[in-house]
Amino acid sequence: ARSTPDYTSNQTQIQTHNISEIKKYFRRFGYLPLQDHHNVSGDTTFDEPLLFKSAILRYQSNLGLPITGKLDIETVSMIMAPRCGVPDSDASHQSMHAREN
Amino acid sequence: YVFFPGKPRWSRDVPMKLTYAFSKENLIDYVNISDIRAVFKRAFTKWGSVIPVSFVETDDYGFADIKIGFYRGDHGDGEPFDGVLGVLAHSFTPESGRFHLDAAERWAVDFKTEKSEVAVDLESVAIHEIGHLLGLSHSSVKDAVMYPTLKPRDKKLDLSLDDVNGVQALYGSNPNFTLSSLLESDISANQA
């Protein structure tokens with residue numbers, strides 16, 4: 001499935017069904033903090049959607065994609081593509097390579 | 001092109017010589033080792049043709065500057081591999097020299113004989129990871145070898161101007177390098 005992403009479904013379905021996987025991907029490659037921001041009640045803080053949108057924008061910019069700020073087909077297809085495990089340097093969060101140095 | 005934070009690079013006397021070796025305990029058994037060695041020799045030569053750095057294979061794994069191996073799952077560096085496709089390989093910034101490929105991938109040195117739909121071109125990945133070992137991070141230029149994704153059965157074997165400018169900003173230019181040779185390579189690749 002990873003090799004041949006086939007998104008015939010609409011964008012809403014992508015967002016609702018795969019959002020946690022996409023967040024995991026963004027964390028893995030440095031676009032989101034490693035942990036969710038929670039308030040004292042344990043709820044995700046209100047700024048999380050902003051963080052997520054910012055992550056999408058940075059990802060699209062770093063990968064040379066159209067900068068829409070949305071999980072469009074092109075962006076999701078890129079997320080599904082096989083890739084190098086080195087985090088993207090401009091993703092702004094700490095990477096294993098930053099730690100290495 | 002993009003550098004890693006702090007712009008790390010290898011700091012050795014010029015002309016610089018870096019050695020590389022394969023981990024004998026961490027190889028794949030379905031590709032001949034001589035084919036793997038030939039692939040990596042071509043990949044290192046490609047970078048060495050544009051910067052004043054030469055790469056020499058050694059049998060002395062312990063003392064090699066660059067240590068290459070195929071690993072599966074959690075292999076002890078805190079960055080476990082994830083099985084077929086997903087993450088293909090990773091390497092570390094100068095002067096660590098660690099170069100890890102995911103043993104779960106179906107690595108190909110020749111797509112005429114390797115028919116798997118999920119086969120990944122070893123030489124393309126080797127060229128990309130050597131860029132990291134030299135100090136280049138991921139580029140947003142889609143034609144660059146330092147672009148982070150590679151589809152199964154795709155190849156990306158030619159350094160782009162973006163790759164060359166990036167690595168030469170770190171190490172300077174190989175005196176034998178000419179821009180025209182790079183452009184000729186680009187033109188032939190485009191025609192192909």
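Computation of the quantities below employed the complete heavy-atom set of this structure, encompassing side-chain atoms and omitting hydrogens, waters and symmetry-equivalent molecules. Letters go in sequence order (proteins before strands), and every chain restarts at 1.
Taking the ring centroids of B:F99 and B:Y20, they lie at or beyond the 6.0 Å cut-off. Aromatic pair A:Y59/A:F26: ring centres closer than 6.0 Å.
Just one of B:V39, B:D121, B:N32 meets the side chain to side chain contact (heavy atoms under 4.5 Å, CB included) condition when paired with B:V109; it is B:V39. Under the side chain to side chain contact (heavy atoms under 4.5 Å, CB included) test applied with A:I22, the options A:L71, A:I56, A:L32 reduce to a single match, A:L71.
With rounding to the nearest 0.5 angstrom, the NZ atom of B:K67 is 9.5 Å from the CZ atom of B:R98.
Interface with chain A: from residues 122-136 of chain B, residues B:H128, B:E129, B:H132 qualify, criterion being any non-hydrogen pair under 4.5 Å.
Residue pairs that meet the ring pair (Phe, Tyr, Trp, His ring centres under 6.0 Å) test with at least one member in residues 147-180 of chain B, sequence neighbours left out, do not exist here.
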